[in-house]
Asker: 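Mind having a look at this structure? Questions to follow.
In this text, all values refer to a predicted model and were calculated from it rather than measured experimentally. All chains are named by letter (A, B, ...) in the order of the sequence lines, taking the proteins before the strands, and each is independently numbered beginning at 1. These numbers come from the heavy atoms of this one structure, side chains and all, not from hydrogens, waters or symmetry mates.
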Protein chains: 2
Amino acid sequence: MNFIDHIRTFFPISDAAAEELVSKSRLASFSRHSLLHREGDVCNVLWFVEKGIVRWYYIDEDGRDITDWFASENSFVTAFDSFFQRKPSRYFIETLEDCDLYSMTYGDLESSFNRFPEIDRLSRVILLQILEEQLAKNSALQFRKASQRYRFIIEKHPDLLRRVSLGHIASYLGITQETLSRIRARRS
Amino acid sequence: MNFIDHIRTFFPISDAAAEELVSKSRLASFSRHSLLHREGDVCNVLWFVEKGIVRWYYIDEDGRDITDWFASENSFVTAFDSFFQRKPSRYFIETLEDCDLYSMTYGDLESSFNRFPEIDRLSRVILLQILEEQLAKNSALQFRKASQRYRFIIEKHPDLLRRVSLGHIASYLGITQETLSRIRARRS
DNA sequence: CGCCGAGTTGAACTGAATCAAGAAACGTGG
DNA sequence: CCACGTTTCTTGATTCAGTTCAACTCGGCG
């Protein structure tokens, strides 16, 4: 599935603008455990996951590797704290499987913004989707106990359980791997 | 301070677009504990806090009232899960002090989008600010213990401690009021 | 065959929730 | 301006979920 088809499921983009986006993007393959973006860098690329899954994480004050987000097929990914605002990021992005990703540079997207106001609007819509998922994750984790957090994954992102290692999921949920393992054992 | 002045601190808006926004917005006063928006409604208004402080919260599955966000002077507020996407919200918004708020309806903003692409872009920039604060809050809370969460408030939002009741801050931090009270007692 | 990463299991410890009771602050009306 | 009720905050005792640390299992792979 091409990313234009995906966009059209939620945003009525014109053929001209679609053409523009396609001409500015290119498809590339990455083997698993490729580092797409590194903390401290200004992120210059917006990716769209055609196939595979990537992980978005940071290293906290205590040196722990904490997963903030996963993006699998039909998701846009970039260092959202960096890409649009052109400043160094605190996140890393890595592939967890072999991936096929469309990519687009900031410069190209910027010039598309100027020529097609609807692309500007599209980017707002995508940001809203991201924001909304963040809010949903927040309320699923804040103040909830481990078993409820696990249920969140089961209900909202069941595919992750099959594709991602337990340790990454545990840090995504804000619990330890051991606790997640025990919870999963209880209900099986 | 007018909201146009605030916008101009981070976005170079033209006089024409500024004029448009001013003409579409109006200033109103609300006494403390006014309910600006209710769960289940589609939020029709974007507010800008000229004076005062508002709280953004939801009721979770167990019936607990959980504060997700505070907005004080020079912040934009709306039900971000509802306003742009025109669907029912799961959040409430209420004033915590007597407030002066600029407001703008969705319809007016929508028509401004069409006439001024830069307003479209401005809204994207504002969304990014919101998203980034959410990300920062996430990483400040996820996996951190109560005393570290408290430090987050002290460092990033010290004014809140003076203006907002302890119970609201505790739920914002994802801990109980009793725990917050004890932490605060330890260091003072 | 033996190593290695990923997952499981166990035991001890601990931070925070819960429940319950008081103290302090606030504001409303007499 | 005081008195009362309400809300907000503090303090204490108990309980429990989840972390930590450590050992062990399992399956794949060189």
Asker: Pick the nucleotide of DNA chain D nearest each of F143(B) and H33(B); which residue has the one closer to the 5' end?
Answerer: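 By nearest-heavy-atom nucleotide position, the 5'-most residue is H33(B).
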Asker: Could you state the NZ-C1' distance from K145(B) to dG18(D), rounded to the nearest angstrom?
Answerer: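 Roughly 11 Å, once rounded to whole Å.
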Asker: Please state how far atom CD in Q177(B) lies from atom P in dC9(D), giving the value in whole angstrom units.
Answerer: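 Distance check: Q177(B) CD to dC9(D) P gives 6 Å.
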Asker: From CG of D65(B) over to P of dT8(D), roughly how many Å is that when rounded to an integer?
Answerer: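 After rounding, the reported distance stands at 11 Å.
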Asker: Mapping R144(B) and L180(A) to their closest nucleotides on DNA chain C, which lands nearer the 5' end?
Answerer: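 By nearest-heavy-atom nucleotide position, the 5'-most residue is L180(A).
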Asker: For T176(A) and dT19(D), is the shortest distance between a side-chain N/O and OP1 or OP2 below 4.0 Å?
Answerer: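 The answer is yes; a side-chain N or O of T176(A) sits under 4.0 Å from OP1 or OP2.
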Asker: Whether the R121(B) and N114(A) side chains hold a donor-acceptor pair (N or O, under 3.5 Å, no angle test) is what I'd like checked.
Answerer: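 On atom types as modelled, these side chains qualify, holding a pair under 3.5 Å.
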Asker: Cationic tip of R124(B) within the cone over F113(A)'s six-membered ring, i.e. under 6.0 Å and within 45° of the normal?
Answerer: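 Output yes; distance and angle both within limits.
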Asker: Between the side chain of Q142(A) and the main-chain N/O of Y172(B), is any donor-acceptor distance below 3.5 Å?
Answerer: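 The answer is yes, because a donor-acceptor pair under 3.5 Å joins these two groups.
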Asker: Which part of the nucleic acid, if any, lies within contact of S181(B), taking any heavy atom under 4.0 Å across all strands shown: a base, the sugar-phosphate backbone alone, or nothing?
Answerer: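 Base, at least one base heavy atom under 4.0 Å.
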Asker: Kindly say whether the aromatic ring centers of W56(A) and F80(A) come within a distance under 6.0 Å.
Answerer: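 Ring-ring flag for W56(A)/F80(A): true, centres closer than 6.0 Å.
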Asker: Within this structure, what is the CG-to-C1' distance between D62(A) and dT20(D), rounded to whole angstrom?
Answerer: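 After rounding, the gap between these two atoms is 14 Å.
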Asker: Could you check whether any side-chain N or O of R149(A) sits under 3.5 Å from a backbone N or O of A140(A), counting only pairs where one atom can act as donor and the other as acceptor?
Answerer: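 Absent.
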Asker: So which nucleotide from dA17(D), dC21(D), dG12(D) ends up closest to the side chain of R182(B)?
Answerer: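 Nearest to the side chain of R182(B) among the choices is dG12(D).
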Asker: Is it true that the side chains of T105(B) and N44(B) contain a donor and an acceptor less than 3.5 Å apart?
Answerer: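 Per modelled atom types, T105(B) and N44(B) side chains form no pair under 3.5 Å.
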Asker: Round to a whole Å and report the spacing from CZ of R186(B) to C1' of dC9(D).
Answerer: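 R186(B) atom CZ is separated from dC9(D) atom C1' by 16 Å.
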Asker: Under 4.0 Å from a heavy atom of chain A: give me the 5'-most and 3'-most nucleotides of DNA chain C that qualify.
Answerer: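 Counting from the 5' end, contacts occupy dG7(C) to dA11(C).
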Asker: Distance to the ring centre below 6.0 angstrom and angle to the axis at most 45 degrees; does that hold for R144(B) and F152(B)?
Answerer: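 Not satisfied by the 6.0 Å and 45° rule.
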Asker: Nearest-nucleotide wise, let me know which of E178(B) and A146(B) is further upstream toward the 5' end of DNA chain C.
Answerer: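 The 5'-side residue here is A146(B).
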Asker: Hey, which of R38(B), R32(B), R55(B) is the one that makes salt bridge (charged side-chain N to carboxylate O under 4.0 Å, His left out) with E94(B)?
Answerer: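 Between E94(B) and the candidates, salt bridge (charged side-chain N to carboxylate O under 4.0 Å, His left out) is satisfied uniquely by R55(B).
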Asker: Is a donor on one side and an acceptor on the other found under 3.5 Å between the side chain of S112(A) and the backbone of D108(A)?
Answerer: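 Answer holds: yes.
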Asker: Just to be sure I understand the rule, does T179(A) reach a base, reach only the sugar-phosphate, or reach nothing, if contact means heavy atoms closer than 4.0 Å?
Answerer: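 The answer is base, as T179(A) lies within the cut-off (heavy atoms under 4.0 Å) of a base atom.
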Asker: At what angle, to 10 degrees, do the two end axes of the helix from dC1(C)-dG30(D) to dG30(C)-dC1(D) meet, given five pairs define each axis?
Answerer: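 Nearest ten degrees gives 30° for this helix.
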Asker: To the nearest Å, how far apart are I169(B) CD1 and dC9(D) P?
Answerer: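 Roughly 8 Å, once rounded to whole Å.
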Asker: Could you give the CG-to-P distance, from L166(A) to dC26(D), as a whole number of Å?
Answerer: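 Distance check: L166(A) CG to dC26(D) P gives 17 Å.
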